[in-house]
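The structure appears below as structure tokens.
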Amino acid sequence: MQTVYNTYSLEKESFTPIEKGKVRMYLCGPTVYNYIHIGNARSTVAFDTIRKYLEWRGYEVNFVSNFTDLGDKVIAQGKKEGLTEEEVADKYADAFLEDAAALNVEPATSRPRATQFMEEMVAFVEKLMAEGMAYEVNGNVYFRTNQFKDYAVLSHQNMDELKKNAAGRLDGDDQDEKENNTDFALWKKEVRPDATAWPSPWGLGRPGWHLECSVMNDVLLGETIDIHAGGIDLAFPHHTNELAQSESYHGKTFVNYWLHNGFVNVNDEKMSKSLGNFITIHDLLEDDSIDPQGLRYFLVKTHYRRPVAYSRDRLDQAQQELDKIYRTMRALSKKAGTAGEVDAAVAAQLHLLEERFIGAMDDDFGVENALTVVFEGLTLANRSLEEGKPAATLQVIYRKFAEWLHIFGVDNFEESRELSPEAKTLLEERAQARQNKDFAKSDELRDQLKELGILVKDGRDGQSVEFI
């Protein structure tokens with residue numbers, strides 16, 4: 001039985017999609033005003049992994065993830081760079097897609113932008129007002145939270161706690177004009193002459209952040225969806241408000257399973273610009289010593305609900321684990337083929353490993369236990385190589401491992417990798433040592449390179465290297 005942990009109930013629940021064989025899944029995407037940081041990437045990678053697993057299990061996944069291409073942050077960045085709001089959004093949406101592709105993230109079924117749905121957003125607000133769930137003050141429209149039963153259920157706070165903590169957490173809304181301080185903006189009037197605004201019955205303005213996702217969900221996935229995903233910081237207020245307005249609009253359940261990923265800490269501290277530990281994926285991927293698949297593997301090897309502790313040392317350790325996978329998969333690839341029969345004992349062991357792999361992933365996408373199975377399988381693969389098993393047996397092992405590893409975003413086993421600056425320096429020093437006939441130094445440098453996963457061979461034309 002497949003189970004998922006639902007933030008709504010705080011329990012693992014049996015996963016049963018609305019429509020047999022199909023999954024409707026929505027992931028809150030970034031506000032495109034800058035390069036995404038490692039926390040954004042963690043959410044992107046975690047739910048791409050979950051999507052890949054569901055697809056491997058045979059589901060057709062309609063995966064929608066949006067771009068928020070408007071708002072104060074976009075406006076501020078435009079002023080900083082001398083760009084229009086649209087130019088800022090285009091620039092950083094493209095950058096996100098490039099970074100996501102480098103991390104082997106599967107393209108979304110649909111990647112909508114908030115600005116594409118203004119008419120639908122206005123109509124959504126009008127209906128909520130007609131039903132008494134929203135009210136207008138001075139061109140701003142607010143949702144009545146006290147009219148929605150169990151408003152705080154997703155955040156697991158009571159109303160008194162929400163009222164106490166509301167200031168500064170609800171989009172900077174004007175508390176003085178609201179009926180209750182937990183009420184949130186559905187529509188905001190816009191009076192700045194240099195800011196984009198859209199027409200509405202309440203005057204020129206723009207939608208509230210929460211409204212955008214509700215409407216895009218409604219238009220692209222339907223009244224009720226299977227999975228709504230995002231970082232745990234979005235549970236309140238963003239997802240709490242989405243739930244309230246969507247269920248008020250339709251009068252039915254909005255989301256069956258709410259999934260939230262944990263934070264990323266950098267060097268054992270919470271990531272923040274003030275601490276100087278704010279890391280963008282764009283910067284990491286520009287570092288030639290970082291393998292994008294290694295970065296992906298680092299982010300994915302921790303269960304999605306647990307926090308990830310980032311440091312360069314931990315990233316390098318993850319790369320070393322991945323290098324073991326590379327070496328085995330390359331060795332299998334070289335010797336796999338159709339010759340010989342498939343070894344029955346190996347096939348049986350592989351079947352048992354797959355049952356355990358599925359059991360781990362079916363338990364709320366338990367990647368850590370699933371990767372334990374993968375590394376046990378590597379032992380089986382290496383033993384099969386050492387024992388000279390038939391090529392057909394090695395082919396079966398290779399194909400099965402390629403399937404499993406694809407779920408974690410690890411592909412392209414034969415892809416050439418760039419030498420790190422450190423490796424290049426060691427190779428230059430070794431070449432000089434051999435020229436000086438300092439063979440002891442040459443052997444020492446060869447061993448250092450081997451520790452970096454690089455095998456050096458000497459020939460008539462000099463040194464050649466192979467990743468191991």
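Scope of the values below: all heavy atoms of this structure, side chains included, with no hydrogens, waters or symmetry mates.
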Do [X] and [Y] have side-chain heavy atoms sitting under 4.5 Å apart?
X	Y	answer
Asn66	Arg111	no
Leu352	Glu354	no
Tyr8	Asn256	no
Leu394	Ser384	yes
Asp362	Tyr53	yes
Leu378	Phe401	yes

Hey, is the main chain of [Y] close enough, under 3.5 Å, to the side chain of [X] for a donor-acceptor pair?
X	Y	value
Glu223	Asp218	no
Gln2	Phe15	no
His37	Asn40	yes

message: Evaluate Gln320 against Asp316 for side chain to side chain donor-acceptor pair (under 3.5 Å), listing each step before the verdict.
response: CA-CA 6 Å; Gln320 290 171 15; Asp316 290 342; over 6 Å; no
[X] and [Y]: side-chain donor and acceptor closer than 3.5 Å?
X	Y	answer
Glu131	Tyr249	no
Thr372	Glu368	no
Asp313	Ser311	no
Thr68	Glu212	yes
His282	Glu98	no
Asp363	Asn369	no

Decide, yes or no, whether a salt bridge links [X] with [Y] under the criterion of side-chain N to carboxylate O below 4.0 Å.
X	Y	value
Asp443	Arg446	yes
Arg113	Asp90	yes
Glu55	Arg51	yes
Arg430	Glu444	no
Arg296	Asp291	no
Asp48	Lys52	yes

task: Go through the steps for Phe408 and Tyr297 under the test ring-ring contact (aromatic ring centres under 6.0 Å, His included), then give the verdict.
output: CA-CA 7 Å; Phe408 302 112; Tyr297 177 75; 7.7 Å; no
query: Does Lys22 NZ have over 12 foreign heavy atoms under 6.0 Å away?
result: no
query: Do other residues, nucleotides or ligands put more than 12 heavy atoms under 6.0 Å from Glu403 CD?
result: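 For Glu403, atom CD is crowded (more than 12 foreign heavy atoms under 6.0 Å).
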- request: Report yes or no: is the cationic atom of Arg144 (NZ for Lys, CZ for Arg) under 6.0 Å from the centre of the six-membered ring of Phe148, at an angle within 45° of the ring normal?
  value: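 Cation-pi check for Arg144 and Phe148: fails.
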message: Using side-chain contact (heavy atoms from CB on, under 4.5 Å), reason through Glu19 and Arg24 one step at a time and then give a plain yes or no.
response: CA-CA 9 Å; Glu19 190 175 354; Arg24 306 173 198 174; 3.9 Å; yes
- request: Enter the distance from Ser248:OG to Leu128:CG here, rounded to the nearest 0.5 Å.
  value: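 Here the rounded value is 6.5 Å.
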task: Identify, with sequence neighbours excluded, every residue that meets ring pair (Phe, Tyr, Trp, His ring centres under 6.0 Å) alongside His260.
output: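 Scan of His260 (ring pair (Phe, Tyr, Trp, His ring centres under 6.0 Å), adjacent residues dropped) gives His239.
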- prompt: Parallel, tilted or perpendicular: which fits the ring planes of Tyr35 and Tyr92, with parallel below 30° and perpendicular above 60°?
  reply: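 Tyr35 and Tyr92: perpendicular rings.
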- prompt: Using 30° and 60° as the class limits, which term best fits the ring planes of His238 and Trp209: parallel, tilted or perpendicular?
  reply: parallel
message: Before you tell me yes or no, could you show the steps for Leu186 and Phe184 under side-chain contact (heavy atoms from CB on, under 4.5 Å), namely the whole-Å CA-CA distance, both residues' side-chain angles and the distance that decides it to 0.1 Å?
response: CA-CA 7 Å; Leu186 294 165; Phe184 59 89; 4.0 Å; yes
message: Evaluate Tyr304 against Asp364 for side-chain contact (heavy atoms from CB on, under 4.5 Å), listing each step before the verdict.
response: CA-CA 9 Å; Tyr304 77 95; Asp364 191 34; 2.6 Å; yes
- request: Hey, could you give me each pair passing side chain to side chain donor-acceptor pair (under 3.5 Å) that has a residue in residues 340-353? Not counting sequence neighbours.
  value: Asp343-Lys389, Gln349-Arg383, His351-Glu355
message: Set out, in order, the CA-CA distance, both residues' side-chain angles and the distance that settles side-chain contact (heavy atoms from CB on, under 4.5 Å) for Cys28 and Ser65, then state yes or no.
response: CA-CA 6 Å; Cys28 283; Ser65 187; over 6 Å; no
